[in-house]
Amino acid sequence: VCIPMHYDPDRAHPSDPRKVRGELAFPAKYPAEAVAITEEELGPIGAASQLEQNPTSAKGTYFKRAYFEIVEDYPRNPRDLVLGRGWDTGGTLDGGDHTSGTKMALHKPSMTIYILDNVNDQTDEPETLIHQCAKLDGKTCRIREEREGGSSGKKITTIRSRELMGYDYEEVPVDSNKELRARPFRA
């Protein structure tokens, strides 16, 4: 039996007495104000999992376009910028996780972060994408890649560091889930 906090007729159990979409389960015990606070504390993925019994948020991803201001240009003085591209790699063509690389610039005087580029592909050769971007980004752009757990993750990043010799490449060990790691940037 699945009883989500907000009634959804598409997922409702036949014995659920609620009939209005969005109606709360047990509103006397969990009033709307308390549910809203809990949703804010849990975030979209946590709220979808814990309150709605649906670990895939219907509200979309952790970052929403509305969180970002679109600007025409960014400061270009190289002494004021730290450039970097972070990678999260997948390795299955036409299935599985995508390989994604986001290039950002930190403008040191203002501490403003600019998102300059993102590449996203479902490929079985993520190294080709990483090498192409490294050449286009240039040697002043730091390259960081998530190191997956286990010996295979270490092996992949060790090979990549040799292939990208001359570039500022480092592996980043994964020690928590992606949502937790994204919180400082999301703030």
Side-chain angles (χ1 to χ4, degrees), residues 1-71 84-106 111-124 126 129-130 133 144-150 152-153 156-157 171-187:
V1 175
C2 175
I3 303 174
M5 180 58 73
H6 296 88
Y7 178 71
D8 180 354
D10 300 328
R11 299 179 56 232
H13 189 273
S15 65
D16 193 327
R18 300 174 292 169
K19 300 298 177 215
V20 178
R21 183 180 293 276
E23 185 177 348
L24 292 176
F26 318 110
K29 186 169 183 170
Y30 304 107
E33 298 80 19
V35 172
I37 291 169
T38 302
E39 288 173 331
E40 181 67 30
E41 289 172 350
L42 291 173
I45 296 170
S49 299
Q50 296 298 314
L51 299 178
E52 306 306 331
Q53 309 303 304
N54 184 10
T56 304
S57 172
K59 293 183 178 178
T61 58
Y62 199 61
F63 296 101
K64 299 188 183 310
R65 187 174 299 271
Y67 296 168
F68 300 91
E69 177 186 353
I70 307 295
V71 296
R85 186 182 292 270
W87 288 95
D88 183 6
T89 57
T92 306
L93 183 63
D94 298 327
D97 293 332
H98 285 71
T99 293
S100 183
T102 303
K103 182 179 179 182
M104 296 185 283
L106 169 65
M111 294 305 289
T112 300
I113 297 172
Y114 295 90
I115 298 174
L116 306 178
D117 180 55
N118 179 265
V119 293
N120 191 31
D121 194 11
Q122 200 166 37
T123 176
D124 58 349
L129 195 57
I130 293 171
C133 286
R144 301 296 181 261
E145 181 178 5
E146 211 178 68
R147 184 183 81 208
E148 303 294 340
S152 64
I156 289 169
T157 55
E171 65 181 39
V172 179
V174 176
D175 59 359
S176 59
N177 70 42
K178 291 180 183 187
E179 184 175 342
L180 184 63
R181 292 193 317 267
R183 282 184 184 165
F185 182 70
R186 184 173 183 244

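Along the sequence shown, the residues carry numbers beginning at 1. The structure presented is a predicted model; accordingly, all values stated were derived computationally and were not measured.
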Visitor: Apply side-chain contact (heavy atoms from CB on, under 4.5 Å) to Val119 and Trp87, showing your working.
Guide: CA-CA 10 Å; Val119 293; Trp87 288 95; 3.5 Å; yes

Visitor: Report the residues that fulfil side chain to side chain donor-acceptor pair (under 3.5 Å) with Ser100, sequence neighbours left out, ordered by chain and then residue number.
Guide: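 If we apply the side chain to side chain donor-acceptor pair (under 3.5 Å) test to Ser100, skipping adjacent residues, the hits are Asn118.
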
Visitor: List the atom of Gly90, the atom of Pro126, and the distance in Å for their closest heavy-atom pair.
Guide: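 Smallest interatomic distance, heavy atoms only, reads O-CG, 3.3 Å.
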
Visitor: By side chain to side chain donor-acceptor pair (under 3.5 Å), which residues pair with His6, not counting sequence neighbours?
Guide: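 His6: side chain to side chain donor-acceptor pair (under 3.5 Å) contacts with Glu52.
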
Visitor: Using the test side chain to side chain contact (heavy atoms under 4.5 Å, CB included), find all partners of Glu23 that sit at least two apart in sequence or belong to another chain.
Guide: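 Residues passing side chain to side chain contact (heavy atoms under 4.5 Å, CB included) with Glu23: Tyr7, Arg18, Val20.
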
Visitor: Going by side chain to side chain contact (heavy atoms under 4.5 Å, CB included), name the residues that satisfy it together with Pro14, two or more places apart in sequence or in a different chain.
Guide: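 Scan of Pro14 (side chain to side chain contact (heavy atoms under 4.5 Å, CB included), adjacent residues dropped) gives none.
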
Visitor: Under the side chain to side chain contact (heavy atoms under 4.5 Å, CB included) test, which residues partner Asp124, sequence neighbours left out?
Guide: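 Here the qualifying residues are Leu93.
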
Visitor: Between atom CG of Leu106 and atom CE of Met111, what is the distance when rounded to the nearest 0.5 Å?
Guide: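 Taking CG in Leu106 and CE in Met111, the distance rounds to 5.0 Å.
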
Visitor: With sequence neighbours left out, write down each residue that passes side chain to side chain donor-acceptor pair (under 3.5 Å) with Arg11, or none if nothing qualifies.
Guide: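 For Arg11 there are no side chain to side chain donor-acceptor pair (under 3.5 Å) partners, ignoring immediate neighbours.
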
Visitor: Looking at Gln50 and Gln53, what are the two nearest heavy atoms and their distance?
Guide: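 Distance-wise, the nearest heavy atoms are O-NE2, 2.9 Å.
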
Visitor: Residues two or more places apart in sequence or in another chain: which of them pass side chain to side chain contact (heavy atoms under 4.5 Å, CB included) with Val71?
Guide: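 In terms of side chain to side chain contact (heavy atoms under 4.5 Å, CB included), with neighbours along the sequence ignored, Val71 is linked to Glu69, Tyr114.
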
Visitor: Supply the atom-to-atom distance Leu24 CG to Lys29 NZ, rounded to the nearest 0.5 angstrom.
Guide: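 If we round to the nearest 0.5 Å, Leu24:CG and Lys29:NZ are 14.0 Å apart.
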
Visitor: Tell me every residue that passes salt bridge (charged side-chain N to carboxylate O under 4.0 Å, His left out) with Asp117, counting only those two or more places apart in sequence or in another chain.
Guide: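 Applying salt bridge (charged side-chain N to carboxylate O under 4.0 Å, His left out) to Asp117 gives Arg85.
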
Visitor: Only counting residues at least two apart or in another chain, list the ones meeting side chain to side chain donor-acceptor pair (under 3.5 Å) with Ser15.
Guide: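 Side chain to side chain donor-acceptor pair (under 3.5 Å) list for Ser15, sorted by chain: His13.
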
Visitor: Taking atom NE2 of His98 and atom OG1 of Thr89, what is their separation to the nearest 0.5 Å?
Guide: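 With rounding to 0.5 Å, NE2 (His98) is 13.5 Å from OG1 (Thr89).
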
Visitor: Taking salt bridge (charged side-chain N to carboxylate O under 4.0 Å, His left out) as the test, write out the residues that go with Glu171, two or more places apart.
Guide: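 Salt bridge (charged side-chain N to carboxylate O under 4.0 Å, His left out) check on Glu171 returns Arg147, Lys154.
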
Visitor: When rounded to the nearest 0.5 angstrom, what is the spacing between CG in Asn54 and CG in Asp8?
Guide: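 So the gap between those two atoms works out to 8.5 Å.
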
Visitor: If you compare all heavy atoms of Ala47 against all heavy atoms of Leu42, which two are closest, and at what distance to 0.1 Å?
Guide: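 Smallest heavy-atom distance, with atoms named: N-CB, 3.6 Å.
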
